[in-house]
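Down below is the structure, laid out as structure tokens.
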Amino acid sequence: MNKTVDMRANKKTHIIQTIFKKYMIYILFIAIFAISSFASPAFLKVSNLVNILRQTAIYAIIAFPITMLIISGVTDLSPGSVAAFTGVAGIVAYVDMTTKMGVNPVLAGLMAVAYSILLGIIIGFVNGIIITKFKVPAFMATLAMMTSIRGAALLYTGGNVIYQIGDIAVLGKGSVLGIPIPVLIMLILFVIFTILLKKTMYGRYIYAIGGNEEAAVASGINVNKIRMISYIVQGAMGGLAGILLMCRLNTGQPTAGEGYEFDAITGAVLGGTSFTGGEGTMFGTLVGILIVGMINNIFNLLSVQSYYHQILKGVLIVVAVIIDMRGKNSKVTA
Amino acid sequence: MNKTVDMRANKKTHIIQTIFKKYMIYILFIAIFAISSFASPAFLKVSNLVNILRQTAIYAIIAFPITMLIISGVTDLSPGSVAAFTGVAGIVAYVDMTTKMGVNPVLAGLMAVAYSILLGIIIGFVNGIIITKFKVPAFMATLAMMTSIRGAALLYTGGNVIYQIGDIAVLGKGSVLGIPIPVLIMLILFVIFTILLKKTMYGRYIYAIGGNEEAAVASGINVNKIRMISYIVQGAMGGLAGILLMCRLNTGQPTAGEGYEFDAITGAVLGGTSFTGGEGTMFGTLVGILIVGMINNIFNLLSVQSYYHQILKGVLIVVAVIIDMRGKNSKVTA
Amino acid sequence: GGKKDKATDAAGTTKAAETTKAAETTKAAESKTESKETTTAADSGKTFKIGFAAKGLSDAFTSMEASEYMRQAKENWAGKLEVLQVDCEFDTNKQIEVLENFIAQDVDAIICQTDDPEAILPIVEECKAKGIHFINDLAVDCDWAYEVESDPQDDGELLGEYAVKWLDEKKIENPTILFMQGEVGNQHANAREKYCKEKLEAAGYKVTDTNTANWQRDEAIALMENWCQVYDKIDAVICANDEMSLGVVQVLEQEGRLDGTMVISVDALAGAVKSVADGKLTMTIGKDIVAGCDMSLQLAYDLCSGVDRSADKLQKVPKDIITLDDQKTLQKWIDIHTAAGTYQ
Amino acid sequence: MKNISKSFPGVRALDHVNLKVEKGEVHILVGENGAGKSTLIKILCGLHTDYEGEIVIEGEKVSLKDPHDALKYGIATIHQELNQVPTMTIAENLFLGREPLGRGNMLIDDRRIYKEAKAILEAQGLTYDPHMLVRNLTVSQMQMIEIAKSVSQNARIIIMDEPTSAITDAEVKVLFQCIKRLKSEGVGIIYISHRLEEMFEIGDKVTILRDGQYIDTKDVKDVTRGDIIKMMVGRELNNIYPEKKHKVTDKVVLEVKNLTGHKRFENISFKLHAGEILGLAGLMGAGRTEIARALFGLDPIHSGEVYLEGKKIAIKNTSDAMKHGIMMATEDRKRYGLVLKATIGENIGLPNLKQFLGKSGFLLSDKKEREKEREVFDELGVKAPSMHTRASALSGGNQQKVVLAKWILANPKVFILDEPTRGIDVGAKYEIYKIMTELASKGMAIIMISSELPEVIGMCDRVIVMREHYLSGEVSGEEINQEYIMEFASANVEELRKANAR
Ligand SMILES: Nc1ncnc2c1ncn2[C@@H]1O[C@H](COP(=O)(O)OP(=O)(O)OP(=O)(O)O)[C@@H](O)[C@H]1O
Ligand SMILES: Nc1ncnc2c1ncn2[C@@H]1O[C@H](COP(=O)(O)OP(=O)(O)OP(=O)(O)O)[C@@H](O)[C@H]1O
Ligand SMILES: [Mg+2]
Ligand SMILES: [Mg+2]
């Protein structure tokens, strides 16, 4: 008798633990939010909260597709460089179209965005080919791409910064109904990616591949095709992030975007995306990215010296991941 | 009849292919060496070859233990930052000992090196605990460590560079029997690590864990212990590389060593270490590191513009990995 | 092309270019271009191999300087100097590697955009042993090296002095002064901060807040956005480079808080000069790279050909304070950038 | 399938094999381990595409590019290695690769998936919640899901590669009923199993393979068990079990007192003697594996004591257990038994490296290693080109032999074998039994966990039986028979619980 009771109680605490673990990251989010509100009077200002969103939008745009890649068991280290290259190319195209060819600025703007995305797609395609056809480990392939494309971006402008980028900068600075345009784009993409991941076959296959690649193959899923699509989507988002970044910077900077992939990956992992594959959500990633953004913001507001900022950032990431991982998985992963 | 012949021929080409694949990286090495010799008259000079060795020594010292980590299925992104922190701390200790405490320079030098290594060991230990006890994915744990320890290095010196490091700089600049000291240390470590990996139980376990962690556990291997040791060794080598780096820089620079881990990982993977774990050799890593070093060197000698250099470096890495991977493995890996 | 025309123009008025006034330095440099002609005549016509260790080609300022070197080498020194340019990627260790490789290639002289003068000291000693001339832009503790110097201490002091002058004029009560650092731990970033703050403190001003944006515009924008939340009144923002100050200007402009706020920085990038001309950026400090490059290349050529230049162990590259008030200097820099094709 | 041939590097896995399956026929495929059965069906389901020969379906010559293609032609497969995505729910797994789309043909209709999944499960008599993650299922439950999935695909041909190797008798009955129903619907079934008795229960035709060669196809009615074995193995096999050469001694090697693990077993006590083969019987899920894992240090022990040769020992991890001489060959050899990437020699050496240390006591001696590994390799007769062959290239039976070899070299005092003959052909089974009796005759104490009652009866000196986490009885000598064991295995759980709660 005694034992049955024991076991039931056990089960109950187990459920509580599970819920706790599952929603830990949201609790963490709320905790950081609350602490920040107390720590700095500036934090809760609407304009500051809008700032946080604006500052995280570009990271989020990279992090959404990267979440899908990680769920499917691979990764991408090149998005930062891709954003630099595609962004610079898009800006140059815009400047040429408006100043030399006299194209209408709105049309030129749309074409420039399309051009950046197109270039991103091509790079994503190349990444995909190298990884799926030639079986180069994704880490190495995208690390090499990160190096090469950064070189290409620098070559494109001869190492110079492009000034006078014109009205396209409104994409980075403008607002619609009080919402900054990058934030608006991020929110739209959040909805699209959530649907893509949860409601389409493509998304379902992403989970399946990450969960058990062989089972996915045996179920008739064309794994290489799905991977190709994922890298192409990643490239496209890199392109979009790139042009938005340049518009925010108000210049075409071939050195921009360095290390963005790490922040994007950090956000995704904080948000519960599993490095072993098969698990993760877009909402989690959004929350993860916002956590990173909030930390950066509050450290600035409190004028924490950058050394401490760096040290604390690392510590916080580890603590957050530990809280999130506890008991989730017992195997050590790369 | 016909068929038997067929099969024999098949087998023969198969063997040739296997050999070709297995030694591809060495063929590549020789090819790059030969091409470089033709491309620049300076390349074959003894002083230049010594330069290549000297310039790769520190990368190799980081790459040897990283090879073991990758073989065992994990990774480490922190060695560059660890080298910066431990190196700076070692230099500060040396300067204090010699100038303030009047310790004999040789003794102080030895103690400084030991101190750097000790700090590296502590950091490796923390990495190991986070990864084995708290099950944080190695990529995230060491990424966070990379950020934190860089901050710690900057904090240690208040962001300043340490000048007047004194005679300890001989470790970076001096030679013994015409061989630069870092090269000598690297060669000794190469022998030690080769033996460690091939001839000791520890090395065997590394392979087994990378091949199939669960089977390793079920064969009585204490996987966590082996992993801990690996991270501690990595930390120790980070410390050694750090003090050597500072001696080479003739200053204590808290910003040094950035991105060294990527070059080390690149060398290991070029040398045939498998990202899926379970495969790799020290000799391969040495060759891989030398390939990267040769490429950097010949690009310098030919004064190739760095943009092209970057682009080509990425391309070469991918090509080398493709050549090395072809047919080795058919699964896409992260 | 435009540069060449200017050179001939300048040649006509060479005699007048004797003063050390900053505005005249370009011409001063070109006066040397003329004296070069005389030394060449005496020479055998040998081509010297010069190794040029560029600090980093991924930054707007350093790459601008590097391309000026290559442009001058091509246009003014063809057949006399063969300049090998290698990128050190802002890594001291890479710089050492690059210099080692130059030595292995038996170059005649090395010009170095120095990352850390003490780190390269052993290399300079080695060059001395091998007779390779060494020219760099920071003070190296070795009698062999020649300096065509651009000291970050000067940048810091100029920043500080200008800020003090501006603040004194405006007579603001308890001014909010923000300092945006470059990459912490970097020589230039540290020196610019240190000496600027020294000047401010000496004049009784206290910097309200200091933080880093790692030389980067994106980080500068985010940091400035966040600062705007904390400080209702911002009087002065001092930035360690132009990339960051341009980001700061952008944010302040967007917030409608640029008017009456001082934003100053170092580098005189095309964008910064334009921003000054547009009345947005208050001031930027311009190192006269045209003159500086010419001084270095001339020196390299002279040393290689055995000309005695021991009197010129230390030359300072002139620096300009570029503001809207000083139209002459401003125009000079607009011209420089127009000639380089970077000014739009 | 006509004249199918297929080679792997260094191995001719199939050599001109024919297989013809008719509508409504259950076609049994038999052969030794490594005969090429799985390879043949992997070709048929589109997993291997580089083969010679041709596949004809209903008169149409087809070439299958990938599994998706095969599914289009109505070929569904239950693979030998379980193929589920552990991180997805049961329903998601059931519909993986064929998700129904809702309006607009864009988005997945999840409501329909869960509704239909429930129906599919119910049709198989399964009561699981389709929202459950597959990760939380046991091996046999996963196997049932796999079966349900293939059945629900409305296939013309269903391939079943050893579907019963991981499920209990009750579930086997459900499966056989299902097969009969499919048969009546005109579905052709290819059925692979090493349990020959199943062939006579459901089979119509049987095709025999040996070493990649096609031997013959017969009507099941026309053959006997002996015929089949002869065609499979190439020689007659008279005995199923070897003679008992070993003698049980009085020496107690292992004693377990009131052992309780986390959730899976409670209050277990038993003794094990030198030279004894102790059977651990019970229905699947009774908790047998868990006891073994706990004794070997793979799972934590909650409470209770373990005595080895009279001394109390603590087992915290596998290296502790090994130090004390307790070792275990796990039931899932791919997952726990072998490093598939490594060679046979490396696998055998893994737990035995200490033995290979040279004089320095630090470095391994290649010579010692080669000699010792060679010894057990030969002793067990592993069929492989050399000791340098990778374990992944071996057939199931030979892999199992390698697992045994590595433990035999480690010379355990207590050797726990969990399902040592799962998926092993009759010939190899006999050899494994022989090895077991030989080890026992050398004085080793063996615990054998098995779900196949005949082999428990045939091999064990004494049998303890488990029922739902508790020990429910013990039989020895003449008492070891089906009735007694089954009685204990299905004992009243409530009573057991009460008895243990005292
Ligand atoms: N991926 C592979 N690489 C190399 N050889 C292989 C591979 N897969 C199978 N083989 C070889 O092909 C032959 C046939 O193997 P297969 O798995 O078809 O046997 P099987 O009849 O299904 O055996 P079992 O009853 O053990 O499942 C064996 O000799 C095996 O070693
Ligand atoms: N991963 C798991 N999660 C939850 N419960 C599990 C899991 N694995 C096993 N169980 C439960 O633990 C008990 C024992 O499982 P298991 O099937 O392994 O027993 P067993 O006696 O070893 O059977 P066999 O050896 O025949 O496979 C069962 O009640 C099962 O439902
Ligand atoms: Mg099989
Ligand atoms: Mg079991």
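In the text below, chain A, chain B and the rest are named by the order of the sequence lines, each starting its count at 1.
The only option from B:Asp167, B:Ile165, B:Ile243, B:Val113 that meets the side chain to side chain contact (heavy atoms under 4.5 Å, CB included) definition with B:Tyr94 turns out to be B:Asp167.
A donor-acceptor pair shorter than 3.5 Å cannot be found between the side chains of C:Asn241 and C:Ser265.
The candidate from C:Leu57, C:Asn93, C:Ile96, C:Asp91 with the greatest count of non-hydrogen atom pairs under 4.5 Å with chain B is C:Asn93. Per-residue counts of heavy-atom pairs under 4.5 Å with chain C were compared for B:Asn51, B:Thr255, B:Val304; the largest is that of B:Asn51. If you tally non-hydrogen atom pairs under 4.5 Å between each of B:Gly257, B:Gly159, B:Ala256 and chain C, the highest count goes to B:Gly159. Put simply, of C:Asp141, C:Asp116, C:Asp87, the one with the most heavy-atom pairs under 4.5 Å next to chain B is C:Asp116. Note: B:Tyr260 leads B:Phe299, B:Tyr260, B:Phe43 in heavy-atom pairs under 4.5 Å with chain C. Top candidate by heavy-atom pairs under 4.5 Å with chain B, chosen from C:Asn190, C:Ile123, C:Ile103, C:Val83, is C:Asn190. Of the listed residues B:Met246, B:Arg248, B:Lys173, B:Gln164, the one with more heavy-atom pairs under 4.5 angstrom with chain C than any other is B:Arg248.
For C:Gln187, the part lying under 4.5 angstrom from a heavy atom of chain B is the side chain only. Residue contact with chain B, scored on non-hydrogen atoms closer than 4.5 Å, involves the backbone and the side chain of C:Asp106 alike. Using a 4.5 Å cut-off between heavy atoms, C:Glu183 touches chain B through its side chain atoms alone.
Taking the charged nitrogens against the carboxylate oxygens, C:Glu65 and C:Lys287 do have a contact shorter than 4.0 Å, which makes a salt bridge. One finds a salt bridge joining C:Lys94 and C:Glu89 here, because a Lys/Arg side-chain nitrogen approaches an Asp/Glu carboxylate oxygen to under 4.0 Å.
Residues satisfying the side-chain contact (heavy atoms from CB on, under 4.5 Å) test with B:Ala268, not counting sequence neighbours, are B:Ile66, B:Thr67, B:Ile70, B:Thr273, B:Thr285.
C:Lys197 forms a cation-pi arrangement with C:Phe179, by the criterion of a distance under 6.0 Å to the ring centre and an angle within 45° of the ring axis.
The list of side chain to side chain donor-acceptor pair (under 3.5 Å) pairs with a residue in residues 286-301 of chain B, not counting sequence neighbours, reads B:Asn48-B:Asn297, B:Asn296-B:His309, B:Asn297-C:Asn101.
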